[in-house]
Structures are given as C-alpha cells and as structure tokens.
2 protein chains.
Amino acid sequence: MRLSHEQFRELAAKHGLAVTHQRQVVYEAVIASHGHHSPESIYAAVRRRIPSISLATVYNNLRLFIECGLLREVSPHASTLRVDGNLKPHHHLVCSRCKSVQDIEGEFIDFNRLSRQLPDGFDLTQPLIEVFGLCRRCRAKN
Amino acid sequence: MRLSHEQFRELAAKHGLAVTHQRQVVYEAVIASHGHHSPESIYAAVRRRIPSISLATVYNNLRLFIECGLLREVSPHASTLRVDGNLKPHHHLVCSRCKSVQDIEGEFIDFNRLSRQLPDGFDLTQPLIEVFGLCRRCRAKN
DNA sequence: TTATTGAACGATAATCAGTATAAAACGACC
DNA sequence: GGTCGTTTTATACTGATTATCGTTCAATAA
C-alpha cells in the first residue's frame, strides 16, 4: 500500500485536505480492492486497521473525497425514490450534484458496440441510459 | 382522467392486480403530470382525492407498479451509497432488480449527437453513463 | 344478491442509512 | 508549554421506507 500512501498525500495536498491517519486508511481501503463499496463495508475494512474508528468518520471522509473528486459516487441518488410514468423510450440526464433529472431524447447510443461489451447474459431489452453531469445551476455555483 | 381510468383497469387485469380505488388514484396521480415524482409528492396529490389514504398504501402500490412495469424507477438505487475509486473513464452497467454494478468499457456513446440534445448549460466534462438492464442472475429468475 | 375468502388498507411502530451536535483529541504554530 | 482551528468520536436525531396487525374491501362463486 506504499503507492496509495504517497498518492493520497499528493491528492490531499492538491485539494487542501489535512492528511490524518484515519483519512489515509479510509482512502486506501477504497482503492485497495477494486469494486463498488458501501460505507458499511469500508467501515468494516478500516476497523481491521483502526478498531476505534467511528462510522461517522468514514461517512465524513467519503463525502469529503467525493466532493473533492478523489472518489466517484456510483449512481448518484436522490435521498428519495422517484418514479416515472413515461414508458416511451427515453433517457435521463442527471445532475451529479443536486440529483435533478431531465428527460433526454435521441439516438446517441451505439447499441451494436454496446452489446459487444456486455457481459454474457445481461439483458438490455428495455434499455434505460442515465447520463451524469452538472446541470446549469450547479455548474454556475462553481 | 377517464382515459387513465380505463387504461388502468386494463393494465391491472393484465397483471392480475385487484382494482381498488386507492390503486387507481395513485396510478392516475403519477401519470397525470409528467415528471419524476417522489412518494411524498404523490401522497400529497392523492390525498386531495382520498384524504384518508395512508402513506404506506402509496409506497406499497408504487412498489407494485414498478415490479409490474406500469411505472419505471428513476435511477434505480441501492439502499446505500456506493463509491468507486476508479477514476479512469469507464461506465457502469446496473441491474435494475438487484442493483449490482459492473464496470463496462468501450466507446458506445456518440458524444456529438448527445451534445446536440443537451439542454443549454449542462456540463458533461467527466461524463459517466449508466446503462440499466437485468443481470444474468436476475434474468434467470424470470 | 349475498356469502366467503384472500387481498388490500390504515395506523403506527420499527428499521435503517445517513447527518448533526458537542465534547474530547490532535496538531501546527507561536 | 499554550493557543486555536480542525478532526475525530460518541451518540442523538432525522427522514425514508418497511413491517405488523387488526379492519375493510374486492373478486368470485353459490
């Protein structure tokens, strides 16, 4: 883990984050194993190295890392369920920051190429694509 | 709302759902106005017609409708936050049912076409695409 | 039309993820 | 060593969703 150690120090410096032991261990826990981790699973991993760490610290630092761009949030999700009665084919444009959703139309997916990349057995019969970015309002907030 | 009235009876029959007054009103509330609705906002709308309805009934029926395919869930989201330490450009393949996430590579997006459809000011500098479908395991479960 | 029965509803308690708060610990700087 | 701002910790709290359970209703058959 020497690599991520150094890597984290650099990233932290770049973003003006203090380098604390907890922060470093949380970061390393996330990138040590590839995949998509929940706060609970990260907490479990970090506790093997810092048994006294608090779950709140894990949450605090994950949020911080996401804000700084050290980590990405998978499927940025609003705090509440959203349903859509529009069953016609369409896609969504989601703001990663404020989680607002707009409909978007158009044929911008190359399904031939996509299906070549699909793992065996994945079923795309009613494809729904969500494209994440920053909406105008959040972009203006810098 | 006569149209959605009949439409709902048909859909319900097709999916073996009992037609209750509550169910009908919840369904109509969702499709009456386009957009992406939260359970709370649907609850508020439905209460104007059935003041005694329970929030649990709204939740129950929304879940039922999503399972039957009468409605779509926007950004199908795991119940918990997921973070990703992989900052290299890649996209995600998400199972709408079990919410599992796999990485997927490849140039299957036509960014020229996509950007023509983008509303003014939407910022796509680090585009992340999520493609929803059914993973093999969930598909096998029928 | 009525009787029966399993499904749906309503009220509310429980759960679970995530956040807020405040006190204690840390660490950089003087 | 003392001071001050930041971070961590413990824990209380919030808000969304689900579970429970007694009551009511819709579908079906007589």
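Note that these values count all heavy atoms, side chains included, but never hydrogens, waters or copies made by symmetry. A note on names: the letters A, B, ... follow the listed sequences, proteins ahead of strands, and every chain is numbered from 1. Quick caveat, the model's predicted, so the values are computed rather than measured.
- With sequence neighbours excluded, no residue satisfies ring-ring contact (aromatic ring centres under 6.0 Å, His included) with B:His37.
- Where B:Ala56 and A:Arg63 each meet DNA chain C at their nearest nucleotide, the meeting point lying more 5' is that of B:Ala56.
- Along DNA chain D, the nucleotide closest to B:Pro39 and the one closest to B:Val19 are compared, and the more 5′ of them pairs with B:Pro39.
- The nearest whole Å value for the distance from the CG atom in A:Leu81 to the P atom in D:dG15 is 18 Å.
- Separating the CG atom of B:Leu62 from the P atom of D:dT18 is a distance of 10 Å, rounded to the nearest angstrom.
- Taking the side-chain contact (heavy atoms from CB on, under 4.5 Å) definition, one finds that A:His34 meets it with nothing, sequence neighbours left out.
- Remark: B:Asp123 engages B:Thr125 in a side-chain hydrogen bond (donor to acceptor under 3.5 Å, both in side chains) (not counting sequence neighbours).
- For DNA chain D, the residues of residues 72-80 of chain A within the heavy-atom distance limit of 4.0 Å (strictly under) are A:Ser79, A:Thr80, sorted by number.
- Closest approach of B:Leu87 and A:Gly69 over heavy atoms only: CD1-O, 3.6 Å.
- On the nucleic acid side, DNA chain C has its first and last nucleotide under 4.0 Å of a heavy atom of chain A at C:dA17 to C:dA20, going 5' to 3'.
- Remark: B:Ser75 pairs with A:Glu130 by the side-chain hydrogen bond (donor to acceptor under 3.5 Å, both in side chains) rule, at least two apart or across chains.
- The OH atom of A:Tyr59 sits 16 Å away from the P atom of D:dA10 (whole-angstrom rounding).
- Between A:Phe132 and A:Pro76, the shortest heavy-atom contact is CE2-CD, 3.4 Å.
- Ring pair A:His77/B:His77 is tilted by interplanar angle, where 30° to 60° counts as tilted.
- A donor-acceptor pair under 3.5 Å is absent between the side-chain atoms of A:Arg113 and the main chain of B:Gly106, judged by distance alone.
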Every protein N/O lying under 3.5 Å from an N/O of nucleotides 28-30 of chain D:
none

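- Considering every non-hydrogen atom in both A:Leu124 and B:Gly133, the closest pair reads CD1-CA, 4.5 Å.
- Under the side-chain hydrogen bond (donor to acceptor under 3.5 Å, both in side chains) criterion, B:Arg82 pairs with no residue at all, not counting sequence neighbours.
- Considering only residues two or more places apart in sequence or on other chains, B:Gln117 meets the side-chain contact (heavy atoms from CB on, under 4.5 Å) condition with A:Ile104.
- Applying the side-chain hydrogen bond (donor to acceptor under 3.5 Å, both in side chains) test to B:Arg23 and every residue at least two apart in sequence or in another chain returns B:Asn61.
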For this session: Evaluate side chain to side chain donor-acceptor pair (under 3.5 Å) for A:His90 paired with B:Arg72, printing each intermediate quantity in order.
Result: CA-CA 11 Å; A:His90 70 283; B:Arg72 287 208 301 195; 3.2 Å; yes
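- Residues B:Gln102 and A:Phe122 approach most closely at NE2-CD1, 3.8 Å, considering heavy atoms.
- Residue B:Ile42 comes nearest to B:Ala29 through the heavy atom pair CG2-CB, 4.4 Å, listed as atom of the first residue, atom of the second, then distance.
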Between the protein and nucleotides 3-8 of chain D, are there any N/O to N/O pairs under 3.5 Å, and if so, what are the atom names and distances?
from  : atom 1 : to      : atom 2 : distance (Å)
D:dT7 : OP1    : A:Arg23 : NH1    : 3.3
D:dT8 : OP1    : A:Thr20 : OG1    : 2.5
D:dT8 : O3'    : A:Gln22 : NE2    : 3.0

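- When the local axes at the two ends of the helix from C:dT1-D:dA30 to C:dC30-D:dG1 are compared, using 5 base pairs at each end, they differ in direction by 30° after rounding to 10°.
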